[in-house]
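Have a look at the structure below before the remarks.
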Amino acid sequence: MRPQYDPARVESTAQAKWLEDDVFRAVEDEARPKFYACSMLPYPSGKLHMGHVRNYTINDMLARHMRMKGFNVLMPMGWDAFGLPAENAAMQSGVSPAEWTRLNIADMKAQMQPLGLAFDWSREIATCDPQYYKWSQWFFLKLLEKGVAYKKTQTVNWDPVDQTVLANEQVIDGRGWRSGALVEQREIPGYYLRITQYAEELLSAIDTLDGWPDRVRTMQRNWIGKASGVRLAFAHRIRDASGQLIDAGMLWVFTTRVDTLMGVTFCAISPEHALSRRALELDPGLEPQVKACRQAAEAGPATSAQVKIGVPSGLHVEHPLTGEPVALWITNYVLSEYGEGALMAVPAHDERDFDFANQYGLPVRQVIACDDQVYDFQDWSDSHAGRDGHLINSGAYDGLTVAQATQAIVAALVERGMGEEATTWRLRDWGISRQRYWGTPIPIIRCEHCGDVPVPYSDLPVVLPTDCIPDGSANPLLAHAGFRQVACPRCAAPALRETDTLDTFVDSSWYFMRYCDPDSDTAMVGPGSRYWMAIDQYIGGIEHAVLHLLYARFWTRAMRDEGLVAFSEPFKNLFTQGMLLRESYYRAADDGSRQWFYPAQVTVQYDEKGRPVKSTALEDGLPVIIGGVEKMSKSKNNVVEPKDIIDRFGADTARLFTIFAGPPDQDTIWSDSGVEGAYRFLRRLWTFACDSQARDGRDDGVEDVAESRRVRFEMHRLLQQVNSDYERMQYNTVVSGAMKMLKVLEGGRAAGLQVTREGMAILLQVLNPVTPHITQVLWAELGFPGDIYDSSWPVPDNEALKQDEVKMMVQVNGKLRGEILIQADADHDAIRIRALADPVLRSHLEGASRMIVVPNRLVNFVI
Ligand code: ANZ
Ligand code: ZN
């Protein structure tokens with residue numbers, strides 16, 4: 001054994017073995033319990049960053065740990081290979097998105113390889129592979145047959161200069177990111193998936209996801225946004241140009257607080273509402289203000305913090321209970337897609353209405369009071385919005401509690417035919433058409449005679465041409481004659497292929513099932529998915545907590561209803577890892593821009609608590625602003641390159657540090673000294689192994705029995721702790737547990753040889769999932785049997801955990817009276833007998849009726 005730890009050598013030795021024995025290929029085996037551990041598939045940006053290292057190490061630890069516990073483990077990897085960045089790169093570099101993506105995948109895979117992750121690469125998929133997206137197309141057609149997929153017009157961001165549709169993130173301050181042109185809203189046709197049909201089920205099943213973080217479950221609930229309330233009508237006599245009453249003379253609104261109906265001081269509608277359009281016809285002078293509302297509404301949902309604007313429409317509606325006229329306002333804060341696209345405003349009890357009323361001087365009428373308190377409404381905090389008051393200023397309803405009033409008012413509305421109980425959802429159907437090139441082609445052919453014709457199943461996949469280089473203007477497929485011009489599958493007349501592609505969220509909604517049957521060309525999913533699914537542990541970032549997870553849950557149900565799978569929830573357990581952060585430093589230029597410094601370019605002074613207080617640049621000694629700890633980002637020059645760390649210290653150190661740095665589910669600050677500490681620990685481990693091997697050779701036979709017992713006790717106690725940390729995925733304390741184990745072994749050199757060897761085996765095994773290379777090589781060097789990654793996970797030995805005798809304090813009525821030596825974990829009777837056997841104690845114990853025991857430490861007799 002070499003006396004020096006040489007990570008490069010160790011790591012290539014270990015990896016050569018995995019490759020040669022194809023160790024991580026997962027094979028279905030009904031006789032063994034399975035464990036499917038999966039990371040959210042990465043976008044092949046080409047650059048592996050430390051965040052990836054952390055995520056995949058977490059995944060890897062789980063997979064290796066479960067394997068050693070006897071599970072048949074699957075840990076696959078693949079690529080979310082469609083999407084906008086490839087098109088942007090193509091514009092800059094002239095390389096086609098297909099080529100760019102292919103190179104990036106190869107690059108990223110090469111950067112992952114040194115990390116020693118136990119992926120089964122034989123199952124690798126890329127979503128841009130026709131063999132994969134063929135099945136997304138196939139399933140889309142199935143959904144279309146069933147009516148779960150359907151077509152309707154949608155509003156999109158249209159760049160009039162580039163003649164292209166823009167994604168929301170490509171619109172910056174209302175202008176196209178490339179052309180700078182003012183973006184228009186256009187209505188164009190697109191395909192939708194009826195996720196709303198599954199809303200109730202998607203919501204109620206959240207309760208069963210007890211392996212998910214609570215905050216993600218809450219985010220899912222909020223996104224689905226079920227609200228129970230009342231739909232009610234304000235009557236009106238507003239007619240359209242042809243003299244017809246608009247909406248049969250009813251303005252419908254949705255409210256969750258019908259008890260506040262007598263507090264309504266105006267009604268509000270969105271600019272898209274039919275009555276808004278009529279108001280504009282009647283008074284064209286409203287146009288500029290309505291347009292401003294429309295633009296403000298498009299800029300984003302009006303949360304209570306956002307500006308609310310509005311204009312009186314000049315129209316009135318009638319209060320359903322009092323018949324009084326109520327002014328109708330057109331505003332930006334009414335969502336056209338929520339509820340009825342209209343609301344009854346109760347400024348006294350709804351904050352959004354309150355802000356708006358204040359701004360436009362509209363009346364505020366309090367109708368709910370607690371303890372008869374009347375509010376002065378200087379600002380919102382003076383008011384009361386709760387449901388625990390009773391009614392005032394509400395005529396016949398005065399004095400009723402909120403619950404009673406709700407019942408009574410609903411009854412009155414129902415009787416008049418002016419209202420009913422109703423449920424509204426925030427969730428909208430999922431628009432899946434993207435007017436982009438680099439995505440899964442939507443398998444539809446547009447025929448002049450037959451309309452939209454589905455591509456016959458036998459003609460799938462519709463292969464995306466890979467020779468296009470987008471230039472930022474219209475979708476290049478429009479000009480691609482070879483792709484676009486086809487014969488209509490129905491009437492054979494010349495027709496045009498759909499050029500829209502599927503939202504990349506479609507690709508990521510079921511890739512994890514495809515890993516189970518990656519090569520099947522006769523079915524979307526097969527026997528593999530029956531064996532492996534559902535995923536036992538899904539791992540990914542909190543940024544996907546809403547859309548990706550919701551879409552995948554929906555898509556899985558749609559597959560279930562097609563008879564393809566037998567389960568509804570794809571992810572039994574979900575782990576959301578934290579981000580890696582690092583300090584950032586900058587100087588502000590006169591134009592407000594920032595010049596970012598690398599941490600290596602500055603010196604920092606810290607206060608006594610270790611907080612950075614002052615920083616100067618090395619190059620000129622002048623001050624630099626401390627930008628705080630931020631997510632690692634290239635633009636802020638605070639990225640750590642995995643390659644640099646691996647080259648200097650090896651992959652085991654990189655893995656060890658990113659795991660040790662903090663709880664894996666929390667954001668963690670990177671520290672260079674931490675990396676060096678991790679490296680030193682591995683060197684110490686190596687040195688200790690060398691020493692113990694040398695000692696093994698001598699087998700001196702000297703053993704201090706008490707010391708042996710102490711070392712075994714400590715090691716098994718730590719093993720107990722580490723095991724429970726593994727179960728909770730508290731991997732950072734797994735590492736600190738292993739560090740303590742090494743200390744115990746180093747300090748216990750007088751223990752017997754067998755005890756040291758046993759301890760060493762435990763230490764190598766618990767560290768193996770974190771640092772698989774060094775532990776594997778040492779395992780072999782020290783002559784332990786078999787391969788460490790197939791050894792069985794160590795269990796604490798109860799014998800070792802028994803402490804022979806412990807000293808217990810004896811109190812009587814809380815006063816210390818003496819102590820006894822007794823077998824550890826003795827029961828109450830044994831403790832009483834031992835205490836009574838002591839002549840001094842016995843004299844104090846007369847009449848003792850009760851005893852309180854703190855195990856192994858203290859007993860208190862109560863007289
Ligand atoms: C009167 C009222 C009084 C309301 C009150 C609330 C409190 P949430 O609260 O999110 O569950 N609303 C209805 N339709 C809307 C639309 N299209 N755009 C914006 N807001 C709309 O949603 C229900 C409440 O949101 C409804 O109850 C309505 O305001 C408002 F003290 O009606 B409420
Ligand atoms: Zn046709």
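Whatever order the structure lists ligands and atoms in, that order sets their numbers, starting from 1.
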Please identify which atoms of ligand 1 are closer than 4.0 Å to at least one heavy atom of [X].
X      : value
Met344 : 1 (C), 32 (O)
Val334 : 16 (C), 17 (N), 18 (N), 19 (C)
Thr256 : 11 (O), 23 (C), 24 (C), 26 (C), 27 (O)
Phe254 : 13 (C), 14 (N), 26 (C), 28 (C)

With a cutoff of 4.0 Å, is Glu340 in contact with ligand 1, counting heavy atoms of the residue only?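 Per 4.0 Å heavy-atom rule, Glu340 does not contact ligand 1.
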Margin query: Using heavy atoms and a 4.0 Å limit, tell me yes or no: is Ala342 in contact with ligand 1?
Written below: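 True for this residue.
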- Query: Which option out of Ile368, Thr260, Val253 puts a heavy atom nearest to atom 3 (C) of ligand 1?
  - Reply: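 Answer by nearest heavy atom: Thr260.
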Do the charged groups of [X] and [Y] touch, with an N to O distance under 4.0 Å?
X      : Y      : result
Arg237 : Glu318 : no
Asp452 : Lys151 : yes
Asp355 : Arg352 : no
Arg221 : Asp207 : yes
Glu562 : Lys146 : yes
Glu421 : Arg231 : no

For Phe571, does the six-membered ring have the charged nitrogen or CZ of Arg553 within the cation-pi criterion, i.e. under 6.0 angstrom from the centroid and within 45° of the normal?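 Judged by the rule, Arg553 and Phe571 form no cation-pi pair.
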Taking distance alone, with N or O pairs closer than 3.5 Å, would you say [X] contacts ligand 1?
X      : value
Leu343 : no
Asp353 : no
His349 : no

**Report entry** With the Zn ion (ligand 2) as the apex, the SG/SG angle for Cys491 and Cys488 - to 10°
**Finding:**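 Approximately 110° at the metal, rounded to tens of degrees.
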Counting the benzene-type ring for Trp, do Trp430 and Tyr192 have ring centres under 6.0 Å apart?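 Ring-ring flag for Trp430/Tyr192: false, centres at least 6.0 Å apart.
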Can you report which non-hydrogen protein atom sits closest to [atom], along with the distance?
atom                    : answer
atom 1 (C) of ligand 1  : Thr255 OG1, 3.1 Å
atom 4 (C) of ligand 1  : Asp350 OD2, 3.6 Å
atom 30 (C) of ligand 1 : Arg352 NH2, 3.9 Å
atom 22 (O) of ligand 1 : Tyr338 OH, 3.4 Å
atom 18 (N) of ligand 1 : Leu335 N, 2.8 Å

*asked:* Can you confirm whether the side chains of Asp507 and Thr440 place a donor and an acceptor under 3.5 Å from each other?
replied: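 Note: Asp507 and Thr440 side chains meet the donor-acceptor criterion.
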Classify the ring geometry of Phe254 against Tyr338: parallel below 30°, tilted from 30° to 60°, perpendicular beyond 60°.
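Plane angle over 60°, so perpendicular.
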* Ignoring hydrogens and geometry, is there a side-chain-to-backbone donor-acceptor pair from Thr260 to Arg257 under 3.5 Å? ->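 Between the backbone of Arg257 and the side chain of Thr260 there is a qualifying donor-acceptor contact (under 3.5 Å).
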query: Taking both backbone and side chain into account, is any N, O or S atom of His449 nearer than 2.8 Å to the Zn ion (ligand 2)?
result: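 Here the distance criterion (N, O or S atom, under 2.8 Å) is not met by His449, so no.
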